[in-house]
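Heavy-atom basis, side chains included; hydrogens, waters and symmetry copies ignored. Residue numbers begin at 1 in each chain, while the letters A, B, ... track the order of the sequences.
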2 protein chains.
Amino acid sequence: MRPDANDMPEFTPRQNAVLEQALRLLVEGGEKALTTSGLARAANCSKESLYKWFGDREGLLSAMIAHQAAKVRTHERSGERLTADLLREHLELFARDLLEVLAGDVSLALNRLSIGQSGPGGSKLGKLLLEHGRRQIDRRAMALIDQGKRAGLLRFENADAAYHTLYGLIVSDLHVRMLLGEPGLRDNARQAERAVDAFLTLHGTQKQSADAPRVSAGR
Amino acid sequence: MRPDANDMPEFTPRQNAVLEQALRLLVEGGEKALTTSGLARAANCSKESLYKWFGDREGLLSAMIAHQAAKVRTHERSGERLTADLLREHLELFARDLLEVLAGDVSLALNRLSIGQSGPGGSKLGKLLLEHGRRQIDRRAMALIDQGKRAGLLRFENADAAYHTLYGLIVSDLHVRMLLGEPGLRDNARQAERAVDAFLTLHGTQKQSADAPRVSAGR
DNA sequence: ATTCTTGCGTACCGTACGGTACGGTTCCGT
DNA sequence: ACGGAACCGTACCGTACGGTACGCAAGAAT
């Protein structure tokens, strides 16, 4: 892959640089710091260009979401044959990645922005964030647990329900807490391990650690 | 208990009425609709009184959170002797109540407000909402699972971790989705039942429905 | 060289907000 | 009956935002 190949079809490099500045402002100062004048000043561009490129403020916010989503690509090279240990390893990797993504500065800032903008009727931003932000993660996890089932390592009726169970076990109320300003976990890996343990106890086909503690990482 | 005994020490009835109007405005129109002028008009009071009573805008928001929290009281009359069925019943009731509370208009609006106001450093609002809003629910659930353990019906090392597991199984990512504008579940009871099933499979001391479907509520 | 495009910098406009000040009214204590 | 506190309605102020308009410089095309 060419290192400077720009896969993002939406915007020119200049516009991407502006969006990067917009994200920086948003992360550093919250929504109130993301003003058209401030962005123009920070990105060395004119307000007129902003409106020419993104239409209006909501267009800018949408572009920021799309830009950020395009930056996060999930590696889904999982052609290998699955064993129980391999499945567990992949699940824990997914859990750690998920926790890391959710705790990221930009993710939190964008979620705060969309939620703050969101009303009872559901804003465009919310839909967009859910669609762009979650699709990658969802697909990766669904593919993984589907593979686990086909390999006879997992057992469930509804893949969607099983995925939601896994998600809940991993994240619990941590996401909302962080959105409200609380600091994240001190050890994501530990949480990931516990969540996968529980998930395999619920949906695994082999004896899990529920009774006998696992050999690794003695607590 | 006297029917009009006002347990809220913070505010006078008049002020509570104003706060009620403020919540109404917030629920109906989002944060942008909650303006001092608008509230004064809707509540038939003067802006001067608003600032006299609540100090400034943040004081008003804090007062709204406290007011709403004071309205939600959890009945914790659980002196009865616990059996396995009773524990399950109480857990499911808790789950249903939790889902109902989180999906409530006022709860969603206040959470959106606090999150939107929240920066990286954590705002006063976020802390306040977490403290006032979660304490009741947390205490009720912790008391319940603690009782379950003492009765020999539950098994876990860390009560806090077990509670977070329960919470995650019940809520998953539903809260964030609703905050972003998605509609809630169609059947909270079903979700509650599944979550409690899973929780008891993980932490119960008796054979659960993991292999044999329960007799009640055939899916 | 001339034109045309692009976009920067700045000035500007209307609006709406948070917060304050003031006159008039109601009500309560004395 | 009188005085003062509480409070309503409205007008007001400074500010800062989203969005628009204009002047000018730099680069490409012809």
Side-chain angles (χ1 to χ4, degrees), chain A residues 6 10-65 67 109-110 112-114 116-119 123-125, chain B residues 6 10-65 67 109-110 112-114 116-119 123-125:
Chain A
N6 217 327
E10 303 267 27
F11 310 111
T12 72
R14 173 69 174 130
Q15 290 164 10
N16 281 325
V18 171
L19 291 176
E20 207 62 36
Q21 287 297 314
L23 284 177
R24 192 177 62 81
L25 286 181
L26 180 66
V27 166
E28 289 178 0
E31 178 184 356
K32 67 178 181 58
L34 183 57
T35 162
T36 52
S37 311
L39 176 57
R41 209 174 309 120
N44 286 328
C45 72
S46 76
K47 289 170 68 172
E48 194 168 13
S49 301
L50 291 181
Y51 286 101
K52 178 178 210 109
W53 293 333
F54 307 111
D56 58 359
R57 193 167 193 268
E58 183 170 318
L60 172 67
L61 304 182
S62 302
M64 289 169 64
I65 292 178
H67 171 69
L110 280 178
R112 288 201 187 99
L113 178 68
S114 298
Q117 220 71 14
S118 215
S123 70
K124 295 289 176 204
L125 275 302
Chain B
N6 217 326
E10 304 267 26
F11 310 111
T12 73
R14 172 73 175 125
Q15 289 164 12
N16 281 324
V18 170
L19 291 175
E20 206 61 36
Q21 286 298 315
L23 286 177
R24 193 176 62 82
L25 286 180
L26 180 66
V27 166
E28 290 179 358
E31 179 185 356
K32 66 178 181 58
L34 183 59
T35 162
T36 51
S37 311
L39 176 57
R41 209 174 309 122
N44 286 328
C45 73
S46 76
K47 290 171 66 171
E48 195 169 12
S49 301
L50 291 181
Y51 285 101
K52 179 179 208 109
W53 293 333
F54 307 110
D56 59 358
R57 190 165 196 268
E58 183 170 318
L60 172 67
L61 304 182
S62 303
M64 289 169 62
I65 291 178
H67 171 69
L110 280 178
R112 288 201 189 100
L113 178 67
S114 299
Q117 220 70 16
S118 212
S123 69
K124 295 291 176 204
L125 275 301

| B/S118: partners by side-chain contact (heavy atoms from CB on, under 4.5 Å), with sequence neighbours left out | A/R112, B/S123

| query | If we ignore angles and hydrogens, is there a donor and acceptor under 3.5 Å between the side chains of B/Q15 and B/H67? | reply | no

Expected list for residues 21-32 of chain B: side-chain donor-acceptor pairs under 3.5 angstrom, two or more places apart:
{"residue": "B/Q21", "atom": "OE1", "partner": "B/R24", "partner atom": "NE", "Å": "3.1"}
{"residue": "B/Q21", "atom": "OE1", "partner": "B/R24", "partner atom": "NH2", "Å": "2.9"}
{"residue": "B/R24", "atom": "NH1", "partner": "B/E28", "partner atom": "OE1", "Å": "3.3"}
{"residue": "B/R24", "atom": "NH1", "partner": "B/E28", "partner atom": "OE2", "Å": "3.3"}

| Going by heavy atoms closer than 4.0 Å, what residues in residues 19-31 of chain A are next to DNA chain D? | none

How would you list, by chain and number, every residue that makes a side-chain hydrogen bond (donor to acceptor under 3.5 Å, both in side chains) with [X], sequence neighbours excluded?
X	result
A/T12	none
A/T36	none
B/S49	B/S46

| Listed once per pair and sorted, the salt bridge (Lys or Arg N to Asp or Glu O under 4.0 Å) pairs that draw on residues 35-49 of chain B, sequence neighbours left out | none

| task | Return the value, rounded to whole Å, for the distance between atom CG of B/L50 and atom C1' of D/dA6. | result | 14 Å

For residues 51-61 of chain B, dump all side-chain donor-acceptor pairs below 3.5 Å to protein atoms at least two apart in sequence or in another chain.
{"residue": "B/D56", "atom": "OD1", "partner": "B/G59", "partner atom": "N", "Å": "3.0"}
{"residue": "B/R57", "atom": "NH2", "partner": "B/L34", "partner atom": "O", "Å": "2.8"}

| task | Between protein and nucleotides 7-18 of chain D, map the contacts as a letter string: B base, S sugar-phosphate only, - none, heavy atoms under 4.0 Å, written 5' to 3'. | result | SBB-------SB

